[in-house]
Novice: 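Encoded as structure tokens, here's the structure I'll be asking about.
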There are 2 protein chains.
Amino acid sequence: MVTMRDVAARANVSIATVSFVLNGTKRVAPETRARIEAAIEELNYRRNVVARALASSRTRILALLHPDLESRANATVIQFVMGAAHGARERGYDLVLWPVNDDEQMSHLLAGGLVDGALLMEVQIRDSRVERLVASGLPFALIGRTENDDLPYVDIDFAATIQEAVAHLRSYGHERIALITDRARGGPGPGRIMRVESAYRDAIAPLGAQPVIIAVDSTSAGGREAARTLCAEHPECTAAILVNEGASAGLAKEIRAAGRSIPGDLSVISASTTRELGEMIEPELTVMAAPAAELARLAVDALIDQLEGVPDAPPHTLIPCTLVPGESVGPVTVS
Amino acid sequence: MVTMRDVAARANVSIATVSFVLNGTKRVAPETRARIEAAIEELNYRRNVVARALASSRTRILALLHPDLESRANATVIQFVMGAAHGARERGYDLVLWPVNDDEQMSHLLAGGLVDGALLMEVQIRDSRVERLVASGLPFALIGRTENDDLPYVDIDFAATIQEAVAHLRSYGHERIALITDRARGGPGPGRIMRVESAYRDAIAPLGAQPVIIAVDSTSAGGREAARTLCAEHPECTAAILVNEGASAGLAKEIRAAGRSIPGDLSVISASTTRELGEMIEPELTVMAAPAAELARLAVDALIDQLEGVPDAPPHTLIPCTLVPGESVGPVTVS
DNA sequence: CTGAAAGCGCTTACAG
DNA sequence: CTGAAAGCGCTTACAG
């Protein structure tokens with residue numbers, strides 16, 4: 001293994017000087033610098049990141065804390081994870097995946113000194129991970145929000161997204177619009193659900209209709225259940241907005257199985273998902289594509305800015321989903 | 001920050017002794033051990049992983065090298081990544097995501113000393129990453145295989161998988177069975193495709209029919225293209241085996257759009273995908289579920305065994321996909 | 001069974 | 001502009 005010592009010897013300087021040119025932390029005479037750079041090149045030297053981390057007290061490693069995603073057929077998740085990995089690499093950081101299950105693992109993360117900061121996915125309204133993070137003093141950025149709006153976060157702008165979805169449906173004449181969300185399995189659930197619901201209430205308020213909110217599991221079975229509930233209990237609804245990626249396919253299938261058609265009898269918008277997933281469904285769904293990769297990069301940037309002391313780094317960013325018209329929205333048909 | 005020095009002081013021992021109990025590397029008197037453990041507990045001490053890494057020349061970090069997965073609507077990918085993360089954590093290792101694009105990044109990885117070993121996803125038949133890895137001496141495990149079968153790998157047992165798919169279809173009377181694979185976009189392509197094709201040829205050989213192989217993009221559009229090709233050029237086929245996750249939905253849609261039905265006119269098995277994805281499609285596809293999480297864990301275990309010098313660690317493991325019957329396979333109908 | 005000490009490969013005040 | 005040296009927090013022969 002070639003070390004800084006080897007480079008220094010070959011260039012006839014001290015290792016301190018080598019370090020200075022590598023880090024650009026101090027002025028070095030041009031000829032000296034040239035000699036050192038030549039030596040680095042010739043030896044194909046690359047700084048040991050572990051030693052650097054220990055000496056500088058900065059590992060340049062970020063942790064991505066996520067719940068168990070293994071079972072989720074969640075197309076946005078992979079975009080998110082990959083976006084974060086790319087974003088980190090582009091700024092010279094590494095990203096470690098951290099499946100947080102228990103307190104012990106959280107301690108290991110916080111006290112182990114492996115990471116300079118953490119990114120949190122799937123933030124709950126009341127999130128014990130966030131509390132521990134705050135208590136520990138480790139810098140972090142949230143994807144999603146807790147009750148406490150003061151913490152640094154990036155999030156989907158659900159208000160704008162739902163607003164646009166409703167406007168799109170209204171432009172086709174729809175006035176009875178149901179919302180289908182994710183059923184939280186124990187715990188307070190992601191803040192997302194709460195925000196989506198209130199955005200929905202605000203958006204349909206001008207229509208003067210009662211809100212119809214159906215929460216189901218994020219699975220095909222959940223989607224079928226939503227369709228049955230919709231048909232049986234809310235036949236007045238001519239449109240539905242889904243914010244439940246995993247349920248979208250099941251909903252479409254069951255609506256058809258019930259002898260109704262999309263968009264003939266029901267117009268559907270699936271929000272916060274991917275266009276690829278929309279394309280898989282029949283009919284091709286009109287979706288509002290989640291800015292997953294973009295959000296991940298922003299979260300990474302916010303965290304690194306914080307770590308590197310960039311002034312005026314924006315603590316909060318909201319991005320709406322993008323409407324991608326498919327074939328699942330049509331005019332209201334009089335029956 | 002509380003260090004080993006603090007613990008040693010509180011327990012009235014040297015830091016060496018603290019290190020011995022932490023690592024279990026040397027016999028320590030029971031009372032001494034108890035004192036040290038008490039001190040650790042009281043101070044809530046946790047070993048600094050960076051210092052440990054530097055001193056022991058082992059970081060206990062593994063890299064997961066993957067191509068750009070951002071754009072893929074690949075449901076097995078997330079299972080794979082998460083399986084690897086969990087597997088690593090369970091053995092006390094961390095996993096960093098490494099999007100390998102260029103040579104410079106590869107050098108940084110290899111010479112930086114951050115990781116003890118690497119896991120490679122999406123291995124190509126002829127893979128420059130593998131060559132560099134071999135040359136560098138960094139331990140690794142492949143997911144998938146190259147030309148060279150001597151390297152340590154885990155992989156899906158495509159021969160057994162395709163064999164079972166064909167057997168399943170034959171039990172319904174099918175004898176004209178097409179194969180739909182992934183179109184490699186430049187380069188030699190994943191070894192997977194080659195292996196799948198030869199497994200298919202072997203499996204249908206007893207049927208005495210010409211092989212029908214259709215390679216399309218792994219997208220809904222690709223699936224549609226496959227359906228059209230099948231209908232137009234191979235009307236004799238009564239069944240198809242897909243090994244192209246992203247194309248499965250498009251295929252089903254286009255078959256129906258062409259006025260043919262699944263499984264009435266065409267039986268379909270989608271291999272190497274997830275049951276969740278099969279459930280999303282209409283009709284619910286019979287799938288052969290990829291053992292993605294299991295494979296990831298095995299690869300992690302194989303790599304760690306190698307790192308820790310476990311004798312007789314199996315260098316190669318093959319696991320077949322699991323048949324999950326859906327509604328897309330039926331008897332041959334005489335026309 | 002325990003400790004003193006060297007060393008892992010860097011960074012970073014401090015001197016000159 | 002450059003260097004000698006301390007130090008980051010551990011592990012690990014080596015002595016005793």
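Each chain gets a letter, A, B and so on, in the order the sequences are listed, and its residues count up from 1. Quick note: numbers below take in every heavy atom, side chains included, and nothing from hydrogens, waters or symmetry partners. The structure displayed is predicted, hence computed values, not measured ones.
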Novice: Using whole Å, report how far CZ of Arg60(B) lies from C1' of dT11(D).
Specialist: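 It works out to 10 Å between those atoms.
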Novice: How long is the line joining CG of Leu114(B) and C1' of dG9(C), in whole Å?
Specialist: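 Atom CG in Leu114(B) sits about 15 Å away from atom C1' in dG9(C).
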Novice: Under the salt bridge (charged side-chain N to carboxylate O under 4.0 Å, His left out) criterion, do Arg60(B) and Asp94(B) qualify, and how do the steps go?
Specialist: CA-CA 6 Å; Arg60(B) 275 151 260 257; Asp94(B) 291 306; over 6 Å; no
Novice: Report the distance from atom CZ of Arg5(B) to atom P of dG3(C), rounded to the nearest whole Å.
Specialist: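 Taking CZ of Arg5(B) and P of dG3(C), I get 13 Å after rounding.
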Novice: Return the CE to CG distance between Met82(A) and Leu95(A), rounded to the nearest 0.5 Å.
Specialist: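 Met82(A) atom CE to Leu95(A) atom CG measures 10.0 Å (nearest 0.5 Å).
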Novice: Would you compute the distance between atom OG1 of Thr317(B) and atom CD of Glu294(B) and round it to the nearest 0.5 angstrom?
Specialist: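 One finds 10.0 Å between OG1 of Thr317(B) and CD of Glu294(B).
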Novice: Would you kindly give the CG-to-P distance between Asp6(B) and dG9(D), to the nearest whole Å?
Specialist: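 Asp6(B) atom CG is separated from dG9(D) atom P by 9 Å.
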Novice: Is the shortest side-chain heavy-atom distance between Phe80(A) and Ile143(A) below 4.5 Å?
Specialist: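 Answer yes - side chains close enough.
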Novice: Quick check: on DNA chain C, is the nucleotide nearest Leu54(B) upstream (toward 5') of the one nearest Arg33(B), or the reverse? Name the residue that is more 5'.
Specialist: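 By nearest-heavy-atom nucleotide position, the 5'-most residue is Arg33(B).
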Novice: Kindly determine whether Arg33(A) and Glu37(A) satisfy salt bridge (charged side-chain N to carboxylate O under 4.0 Å, His left out), including the steps that lead there.
Specialist: CA-CA 6 Å; Arg33(A) 165 187 301 279; Glu37(A) 283 167 348; 3.8 Å; yes
Novice: Taking the side chain as every heavy atom from C-beta outward, state whether Thr146(B) and Ile125(B) have any atom pair closer than 4.5 Å.
Specialist: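 Not touching, per the 4.5 Å side-chain cut-off.
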Novice: May I have the step-by-step check of side-chain contact (heavy atoms from CB on, under 4.5 Å) for Leu303(A) and Tyr93(A), ending in yes or no?
Specialist: CA-CA 11 Å; Leu303(A) 179 56; Tyr93(A) 282 70; over 6 Å; no
Novice: Check whether any side-chain heavy atom of Arg195(A) sits under 4.5 Å from a side-chain heavy atom of Asp155(A), and report yes or no.
Specialist: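 Yes, close enough: below the 4.5 Å cut-off.
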Novice: Could you give the distance from CE (Met4(A)) to CG (Asn48(A)), rounded to the nearest 0.5 Å?
Specialist: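 Separation between the atoms: 9.5 Å.
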Novice: Contact list please: residues 42-51 of chain A against DNA chain D, heavy atoms, distance less than 4.0 Å, in numerical order.
Specialist: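 Of all residues in residues 42-51 of chain A, none places a heavy atom under 4.0 Å from DNA chain D.
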Novice: Atom CE of Met4(A) and atom P of dG7(D): how far apart are they, to the nearest Å?
Specialist: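 Atom CE in Met4(A) sits about 20 Å away from atom P in dG7(D).
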Novice: If I take atom CG from residue Leu114(B) and atom CG from residue Leu62(B), how far apart are they, to the nearest 0.5 angstrom?
Specialist: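 Result: 10.5 Å between the selected atoms.
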Novice: Counting Watson-Crick and G-U wobble pairs whose two distances are both under 3.5 Å, find the runs of 3 or more in a row that involve DNA chain C.
Specialist: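 Listed by first number, the stems are C:1-3 with D:14-16, C:5-12 with D:5-12, C:14-16 with D:1-3.
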Novice: Is Glu131(A) salt-bridged to Arg126(A), cutoff N-O under 4.0 Å?
Specialist: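 Not counted as a salt bridge, because no side-chain N and carboxylate O are separated by less than 4.0 Å.
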Novice: Would you tabulate the pairs of protein nitrogen or oxygen atoms and nucleotide nitrogen or oxygen atoms of nucleotides 12-16 of chain C closer than 3.5 angstrom?
Specialist:
from: dC14(C); atom 1: N4; to: Lys26(A); atom 2: NZ; distance (Å): 2.9

Novice: Rounded to the nearest Å, what distance is computed from the CD atom of residue Glu31(B) to the C1' atom of nucleotide dT2(C)?
Specialist: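 Result: 13 Å.
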